[in-house]
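Notes follow the structure.
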Amino acid sequence: QVQLVESGGGLVQPGDSLRLSCAASGRTLGRFYMAWFRQAPGKEREFVATISWGGGVTLYTDSVKNRFTISRNNAENTAYLQMNSLTPDDTAVYYCAAGNRFTRTNSEYDYWGQGTQVTVSS
């Protein structure tokens, strides 16, 4: 069993940056692919980014490419999402997830955090 806890969300202005963290406990993160998803009000949960076990391979949804960076520190059992140049369209609850496949499909992930709110507004 893996427990995931996100942190780092908040209210920021357009153009600002935020760094989300996902701390894991229960099992070592190094055994899992990690991902970030987000869900805006009234919308389905959508894929944001995923990262391989060792961190060498990443995948992003088109809308965040060149603005967001997913990373991980397996020694600290933590994954990160650095978000730059935020826009109001990035407003959502952000969730981290852990699974056994390198995929953008949310149903393929076995463990989820409770989410952290990111609000981008002037």
Side-chain angles (χ1 to χ4, degrees):
Q1 195 74 2
V2 176
Q3 293 78 43
L4 303 174
V5 179
E6 302 96 335
S7 62
L11 172 63
V12 296
Q13 295 186 340
D16 284 352
S17 298
L18 274 177
R19 187 193 197 201
L20 304 184
S21 299
C22 174
S25 60
R27 291 179 66 182
T28 176
L29 265 189
R31 299 173 61 87
F32 296 98
Y33 296 100
M34 298 298 299
W36 288 92
F37 290 79
R38 65 186 180 185
Q39 188 165 19
K43 295 187 178 181
E44 293 186 354
R45 189 171 299 188
E46 67 168 347
F47 169 79
V48 175
T50 186
I51 188 167
S52 59
W53 291 344
V57 182
T58 57
L59 179 67
Y60 297 91
T61 193
D62 286 347
S63 63
V64 308
K65 283 180 182 177
N66 301 315
R67 298 191 300 123
F68 290 12
T69 303
I70 188 172
S71 62
R72 64 192 298 163
N73 185 327
N74 290 338
E76 295 185 353
N77 245 18
T78 304
Y80 303 96
L81 185 67
Q82 177 66 44
M83 306 186 295
N84 298 329
S85 302
L86 286 162
T87 75
D89 287 342
D90 296 315
T91 295
V93 177
Y94 284 71
Y95 299 89
C96 70
N100 294 306
R101 296 189 64 185
F102 187 75
T103 176
R104 61 173 67 229
T105 304
N106 59 9
S107 61
E108 298 282 356
Y109 288 89
D110 301 306
Y111 304 102
W112 292 83
Q114 82 290 347
T116 186
Q117 176 71 47
V118 172
T119 303
V120 185
S121 176
S122 56

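When a residue number appears, it is its place in the shown sequence, counting from 1. Computed from a predicted structure; not experimentally measured.
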Shared ILVMFWY cluster between Tyr94 and Tyr80, side chains joined below 4.5 angstrom? no
Using the rule that Ile, Leu, Val, Met, Phe, Trp and Tyr join whenever any side-chain heavy atoms are under 4.5 Å apart, tell me whether Trp112 and Ile70 fall into a single cluster. no
Taking side chain to side chain donor-acceptor pair (under 3.5 Å) as the definition, give me every residue that meets it alongside Asn74, ordered by chain and number, with sequence neighbours left out. Arg72
Answer yes if the ring centres of Tyr109 and Phe37 are under 6.0 angstrom apart, and no otherwise. yes
Side-chain atoms of residues 9-21: list all donor-acceptor pairs with protein atoms under 3.5 Å, sequence neighbours left out, distances to 0.1 Å.
residue : atom : partner : partner atom : Å
Asp16   : OD2  : Gln13   : N            : 3.1
Ser17   : OG   : Asn84   : OD1          : 2.9

Could you tell me whether a side-chain N or O of Thr91 sits under 3.5 Å from a main-chain N or O of Thr119, the two making a donor and an acceptor? no
Indicate yes or no for a side-chain donor-acceptor contact from Thr87 to the backbone of Asp89 under 3.5 Å, with no hydrogens or angles considered. yes
Before you tell me yes or no, could you show the steps for Trp36 and Tyr95 under ring-ring contact (aromatic ring centres under 6.0 Å, His included), namely the whole-Å CA-CA distance, both residues' side-chain angles and the distance that decides it to 0.1 Å? CA-CA 6 Å; Trp36 288 92; Tyr95 299 89; 9.4 Å; no
Working to the nearest 0.5 Å, report the span between CD of Gln117 and CD of Gln39. 11.0 Å
State plainly whether one hydrophobic cluster holds both Ile51 and Tyr33, where clusters connect Ile, Leu, Val, Met, Phe, Trp and Tyr through side-chain heavy atoms under 4.5 angstrom apart. no
Do you know which two heavy atoms are closest between Leu4 and Gln114, and how far apart they sit? O-OE1, 3.6 Å
Do Val2 and Trp53 belong together in a cluster built from hydrophobic side chains that touch within less than 4.5 Å? no
Same apolar cluster (I L V M F W Y, side chains within < 4.5 Å links), Phe47/Val93: yes
Would a distance-only check, ignoring hydrogens and angles, find a side-chain to backbone donor-acceptor pair under 3.5 Å from Glu6 to Cys96? yes
Please examine the side chains of Thr103 and Thr50, heavy atoms only from C-beta on, and report whether any two atoms are closer than 4.5 Å. no
Determine whether the aromatic ring centres of residues Tyr111 and Phe32 are separated by less than 6.0 angstrom. yes
Heavy-atom side-chain proximity of Tyr60 to Thr69 below 4.5 angstrom: yes
Measure the CG-CE distance between Leu81 and Met34 for me, rounded to the nearest 0.5 Å. 11.0 Å
Let's go through Asp90 and Met83 carefully: what are the C-alpha distance in whole Å and the side-chain angles of both, what is the deciding distance for side chain to side chain contact (heavy atoms under 4.5 Å, CB included) to 0.1 Å, and is it a yes or a no? CA-CA 9 Å; Asp90 296 315; Met83 306 186 295; over 6 Å; no
Closest approach of Arg67 and Ser85, non-hydrogen atoms and distance? NH1-O, 3.0 Å
